[in-house]
Colleague: 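Next up is a structure, given as structure tokens.
Only heavy atoms go into these numbers, but all of them, side chains included; no hydrogens, no water, no symmetry mates.
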Amino acid sequence: MFEPTGLETHGPLGTLWVSVGLICFYIALIWVNTVLMLVINSLFAIPSTWLMDFLKEMKAKKAAKPAKA
């Protein structure tokens with residue numbers, strides 16, 4: 001009656017199951033990228049504040065140093 005076409009069909013329940021899985025995957029992907037952004041941002045922001053403080057101290061020392069005549 002039906003000839004095999006080589007195409008697998010799993011019906012509406014299979015489609016719903018795959019869509020739920022993809023939704024969960026993309027929610028997890030967004031969550032991981034958000035957490036990673038917060039961690040990576042901290043890794044660059046904290047040392048940059050140390051660098052800015054160091055440069056500010058160097059500038060203050062240079063300004064306090066008397067000029068040679």
Side-chain angles (χ1 to χ4, degrees):
M1 184 171 174
F2 292 107
E3 293 183 23
T5 59
L7 178 67
E8 291 187 27
T9 57
H10 298 287
L13 188 60
T15 303
L16 289 174
W17 182 247
V18 169
S19 64
V20 168
L22 283 171
I23 289 169
C24 291
F25 170 75
Y26 283 113
I27 287 172
L29 190 65
I30 291 168
W31 181 80
V32 165
N33 282 329
T34 303
V35 170
L36 190 62
M37 177 189 64
L38 293 173
V39 171
I40 295 295
N41 189 24
S42 298
L43 288 176
F44 287 105
I46 293 170
S48 66
T49 58
W50 295 340
L51 179 63
M52 287 188 292
D53 289 341
F54 176 75
L55 292 174
K56 187 177 178 182
E57 287 177 17
M58 294 299 290
K59 189 175 181 181
K61 284 181 184 177
K62 190 175 183 182
K65 191 184 223 184
K68 292 185 179 179

Colleague: By side-chain contact (heavy atoms from CB on, under 4.5 Å), which residues pair with W50, not counting sequence neighbours?
Modeller: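 Listed in chain order: I46, P47.
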Colleague: Just verifying a value: how many Å separate L29 CG and C24 SG, rounded to the nearest 0.5 Å?
Modeller: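 Output value for this atom pair is 12.5 Å.
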Colleague: What distance separates F44 CZ from T49 OG1, expressed to the nearest 0.5 Å?
Modeller: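 Output value for this atom pair is 13.5 Å.
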Colleague: Does atom CG of L13 have more than 12 heavy-atom neighbours, drawn from other residues, nucleotides or ligands, at distances under 6.0 Å?
Modeller: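 No, CG of L13 has 12 or fewer neighbouring heavy atoms, counting only those of other groups under 6.0 Å.
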Colleague: Measure the NZ-NZ distance between K59 and K56 for me, rounded to the nearest 0.5 Å.
Modeller: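 So the gap between those two atoms works out to 10.0 Å.
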Colleague: Does V32 share a hydrophobic cluster with V35, counting links as ILVMFWY side-chain heavy atoms below 4.5 Å and allowing steps through other members?
Modeller: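 Yes; tracing contacts between hydrophobic side chains, which count when under 4.5 Å, links both residues.
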Colleague: Are L43 and L51 grouped together when hydrophobic residues (ILVMFWY) are joined by side-chain heavy atoms under 4.5 angstrom apart?
Modeller: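 No, L43 does not connect to L51 through the hydrophobic network.
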Colleague: Given 3.5 Å as the limit, does a donor-acceptor pair link the side chain of N41 with the main chain of M37, or not?
Modeller: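 Not confirmed, N41 side chain does not pair with M37 backbone.
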Colleague: Would you kindly confirm whether I23 and V18 end up in one hydrophobic cluster when ILVMFWY residues are joined by side chain heavy atoms under 4.5 Å apart?
Modeller: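 Shared cluster, no.
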Colleague: Please name the pair of heavy atoms, one in L16 and one in S19, separated by the smallest distance, quoted to 0.1 Å.
Modeller: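 Minimum heavy-atom separation between L16 and S19: O-OG, 2.7 Å.
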